[in-house]
Amino acid sequence: MVKILIVDDEKIERKGICFLLKQREEEMEILEASNGKEACELLKQQPVDILFTDVKMPFMNGIELVAKARELQSDIEMVIFSGYGEFEYARQAMKSGVYNYVLKPVDPEEFHKTVDQLLEEINSRIRQREEKQWNQDSLEEYFFGKFLYHGDQEFLDKIKKRIDVKEWESIRQLILLESEDNFFEENEEIFVRDMTAEMQQKMKFFNLDKNEELCMLQSSCDQKVLAQHICSWVNSHFGERFYVAAGRDIQEVLEIPESFRELDTLMENKYYNKENRLFLPEKTLRESPAEQFLGDMLNNMIRDIQLEDMMHLWEHYHLLKNSIEGLEHYSQIYTKFMFSNLVKTFYEQLHMEGRKLEEAIQKVYELPSIQAVLQMVEKCIYNLEKHISETKSGSRDEVAKAKSYIYEHYNEDISVEVLADLVYLSPGYFSYIFKKETGVNLSRFVRMYRIEKAKELLENTNMKIVQICSETGFSNVSYFCKNFREYCGCSPEQFRKGEVPGE
């Protein structure tokens with residue numbers, strides 16, 4: 001809404017200008033002042049788009065007012081009213097940055113023509129400001145996406161020359177949400193609005209894919225309580241369709257990529273536990289009784305072995321190894337009994353004969369310390385990894401087959417389950433080998449390929465944006481454009497014109 005200030009010591013003159021303005025269709029807020037000093041007080045209190053002022057007024061004349069108004073609000077547009085005998089005043093006012101002058105008595109047609117020109121000037125300035133901000137926001141999203149996946153000090157130093165990263169430095173926790181459907185393609189704006197209102201704190205959001213959204217909090221909270229609240233709220237508010245992974249507290253900006261990678265790994269747990277909707281980093285030993293911790297970790301590792309999930313097996317092993325001091329508070333016999341079950345699972349998975357299994361378990365009880373037992377477990381993990389590599393040497397072929405399917409069907413709905421069925425693997429194991437082979441998870445790989453195809457169409461065809469959106473597997477044009485900006489740093493239209501940001 002345009003805000004207009006009319007300044008004239010004659011009330012009837014002010015009312016006449018108000019009458020003319022109210023005849024117009026535009027929404028306006030009209031303020032009045034009877035002299036220059038009163039007008040300056042109003043300008044100190046609130047922004048004004050257009051100032052109409054008479055020349056001759058008590059306390060402060062129009063020439064003095066326009067000079068003061070320019071000091072108070074540099075982008076204000078000003079029009080001065082002057083009579084035929086006051087042309088010299090008008091000339092001085094024009095030197096002070098007045099947009100135009102209107103002769104008294106005011107001609108309605110001339111007045112409306114002046115207002116039309118003023119509004120066009122203001123709207124043009126607003127459009128330029130919004131475009132500049134839009135371009136800045138697009139660049140920030142573009143670089144933030146790259147930072148999440150490839151961020152280090154060198155990259156951070158480089159982009160600081162292009163954008164302001166102060167808001168990144170205030171991020172204290174990441175929350176990753178993944179829906180069972182393509183919820184965010186159609187509902188991201190609603191989600192951001194409702195989530196912000198529910199959390200009642202400053203947040204940033206970054207869309208990763210049709211079914212993934214990253215939330216960034218700028219204050220530290222109790223991790224478990226916060227994550228439970230978000231998980232409960234989002235599933236009750238939008239329907240039972242979300243998985244939620246919450247990251248650890250972030251102390252400085254370079255921890256963001258590491259926290260994001262941890263969230264990505266945590267979210268993989270949904271393939272093994274469909275009933276669980278919330279995933280948190282494994283508790284440290286000091287956060288739970290050591291006996292319970294040991295049992296939980298070994299059970300997790302047994303499950304990892306049976307699923308041949310090497311990524312989580314190594315993760316759980318290192319967590320256990322890093323907490324080994326606490327285990328020494330418990331009896332060697334109890335601890336070695338628990339580890340013997342783990343070794344038994346290794347040997348069963350490796351299809352080792354019974355005699356070798358008995359020898360291995362006997363060795364567990366004979367080893368002098370927990371550290372020695374852990375060394376034996378680590379050797380078992382390496383043997384299992386080698387076994388999987390030899391027996392599943394076709395994993396690259398399986399990933400290649402999946403990639404070929406993506407290249408052919410990128411404009412269709414593609415899920416981990418569909419591709420896992422295609423290569424006869426479990427979704428969890430397929431997700432693991434795909435990420436290990438390509439360096440990114442499936443959803444990001446598909447999105448990157450779709451955007452690359454969109455770039456080809458923009459460069460080599462005259463297809464409309466809406467057609468390219470549909471052709472590359474996006475059903476929502478605004479969502480397609482948003483994804484394109486995040487990936488390329490510019491809009492599809494700018495890319496077609498060659499207006500691409502430099503690295």
Side-chain angles (χ1 to χ4, degrees), residues 141-152 154-156 159 174-179 182 184-185 205-216 243 245 247 254-271 279 309-312 314-315 392 395-420 422-423 425-456 472-474 479-480 482-489 503:
E141 290 177 342
Y142 169 67
F143 285 124
F144 186 74
K146 287 184 173 292
F147 182 64
L148 280 179
Y149 290 95
H150 312 291
D152 57 21
E154 183 182 357
F155 181 83
L156 194 62
I159 62 175
L174 303 182
I175 307 286
L176 178 62
L177 289 94
E178 185 170 317
S179 68
N182 295 331
F184 295 107
E185 184 174 22
F205 298 86
F206 187 79
N207 181 255
L208 298 165
D209 200 10
K210 297 178 181 181
N211 66 331
E212 286 185 306
E213 188 81 12
L214 184 66
C215 306
M216 293 156 276
Y243 297 98
L254 283 173
E255 294 177 13
I256 292 173
E258 180 184 348
S259 179
F260 176 66
R261 285 191 291 270
E262 182 179 42
L263 287 181
D264 207 26
T265 301
L266 279 174
M267 193 59 82
E268 299 290 336
N269 287 310
K270 69 181 183 296
Y271 296 118
F279 304 103
D309 181 1
M310 299 308 300
M311 177 177 65
H312 285 96
W314 278 116
E315 179 186 334
K392 293 189 179 293
S395 64
R396 289 191 176 183
D397 293 336
E398 289 153 350
V399 171
K401 187 176 181 181
K403 287 164 74 174
S404 295
Y405 182 90
I406 293 168
Y407 299 152
E408 293 292 326
H409 302 270
Y410 63 88
N411 58 351
E412 301 173 11
D413 190 18
I414 300 174
S415 67
V416 173
E417 288 76 13
V418 168
L419 294 177
L422 180 70
V423 295
L425 295 174
S426 70
Y429 183 69
F430 171 75
S431 178
Y432 167 68
I433 65 170
F434 188 90
K435 185 175 180 180
K436 187 173 183 180
E437 185 72 23
T438 64
V440 294
N441 63 26
L442 174 68
S443 61
R444 180 165 175 80
F445 184 89
V446 172
R447 184 170 74 148
M448 288 164 60
Y449 188 72
R450 284 171 170 164
I451 296 297
E452 288 298 328
K453 296 302 290 186
K455 288 164 65 176
E456 288 179 16
T472 52
F474 294 91
Y479 182 79
F480 163 69
K482 184 178 186 299
N483 271 259
F484 195 95
R485 290 198 308 271
E486 289 174 358
Y487 185 79
C488 301
E503 288 291 338

- Trace of the side-chain contact (heavy atoms from CB on, under 4.5 Å) decision for Val418 with Ile414: CA-CA 7 Å; Val418 168; Ile414 300 174; 5.5 Å; no
Would a 4.5 Å heavy-atom cut-off, applied to side chains only, mark [X] and [Y] as touching?
X	Y	result
Leu156	Phe147	yes
Phe260	Leu208	yes
Thr438	Lys403	yes
Leu442	Ser431	no
Asn441	Val416	no
Phe144	Met216	yes

- Neighbour count above 12 (heavy atom, 6.0 Å) for Glu258 CD: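 Not buried by this count: 12 neighbours or fewer within 6.0 Å.
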- Item | Glu408 atom CD, neighbour heavy-atom count above 12 within 6.0 Å |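 Result for CD/Glu408: open.
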Show the nearest heavy-atom pair for residues [X] and [Y], with the distance to one decimal.
X	Y	value
Leu263	Ala245	CD2-O, 3.4 Å
His312	Thr265	NE2-O, 3.3 Å
Leu148	Arg261	O-NH1, 4.5 Å
Tyr142	Gly489	CD1-N, 3.3 Å
Met267	Leu176	CE-O, 3.5 Å
Ala402	Leu419	O-CD2, 4.0 Å

Parallel, tilted or perpendicular, judged at 30° and 60°: which one describes the rings of [X] and [Y]?
X	Y	value
His409	Tyr405	parallel
Phe474	Tyr479	tilted
Phe155	Phe143	perpendicular

- Query: What distance do Asn182 atom CG and Asn211 atom CG have between them, rounded to the nearest 0.5 Å?
  - Reply: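 Going from CG on Asn182 over to CG on Asn211, the span is 6.0 Å.
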- Item | Separation of Asp264 CG from Glu178 CD (nearest 0.5 Å) |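 Taking CD in Glu178 and CG in Asp264, the distance rounds to 8.5 Å.
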Ignoring hydrogens and angles, tell me if any N or O in the side chain of [X] forms a donor-acceptor pair with the backbone of [Y] under 3.5 Å.
X	Y	result
Asp152	Glu154	yes
Ser404	Ala400	yes
Arg450	Tyr410	yes

- Message: Suppose we screen for side chain to side chain donor-acceptor pair (under 3.5 Å). Which residues come up paired with Ser179, at least two apart in sequence or across chains?
- Response: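 By the side chain to side chain donor-acceptor pair (under 3.5 Å) rule, Ser179 matches Asp181.
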- Message: Is a donor from one side chain sitting under 3.5 angstrom from an acceptor on the other, for Glu212 and Ser443?
- Response: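 Yes, side-chain donor-acceptor contact under 3.5 Å.
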- Would Lys401 and Glu398 pass as an ion pair if we require N to O under 4.0 Å?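 Looking at Lys401 and Glu398, the cut-off is not met.
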- Query: Among all residues two or more places apart in sequence or in another chain, which pass the ring pair (Phe, Tyr, Trp, His ring centres under 6.0 Å) test with Phe445?
  - Reply: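 Checked Phe445 against ring pair (Phe, Tyr, Trp, His ring centres under 6.0 Å); matches are Phe434.
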- Query: How far apart are the C-alpha atoms of Leu177 and Cys215, what are their side-chain angles, what is the distance that settles it, and do they pass the side-chain contact (heavy atoms from CB on, under 4.5 Å) test?
  - Reply: CA-CA 8 Å; Leu177 289 94; Cys215 306; 3.4 Å; yes
- Item | Lys435 charged N/C atom sitting above Phe430 aromatic ring, 6.0 Å / 45° |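 Checked: cation-pi criterion not met.
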- Item | Over-ring placement of Arg444 relative to Tyr149, 6.0 Å and 45° cut-offs |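 Here Arg444 passes the 6.0 Å and 45° test against Tyr149.
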- Task: Using the test salt bridge (charged side-chain N to carboxylate O under 4.0 Å, His left out), find all partners of Arg447 that sit at least two apart in sequence or belong to another chain.
- Result: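 Expected list: Glu486.
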- Check the pair Met448, Ile451 against side-chain contact (heavy atoms from CB on, under 4.5 Å), reporting the backbone distance first and the verdict last. CA-CA 5 Å; Met448 288 164 60; Ile451 296 297; 6.0 Å; no
- Item | Audit row: Ile175, Leu214, side-chain contact (heavy atoms from CB on, under 4.5 Å) steps and yes/no | CA-CA 6 Å; Ile175 307 286; Leu214 184 66; over 6 Å; no
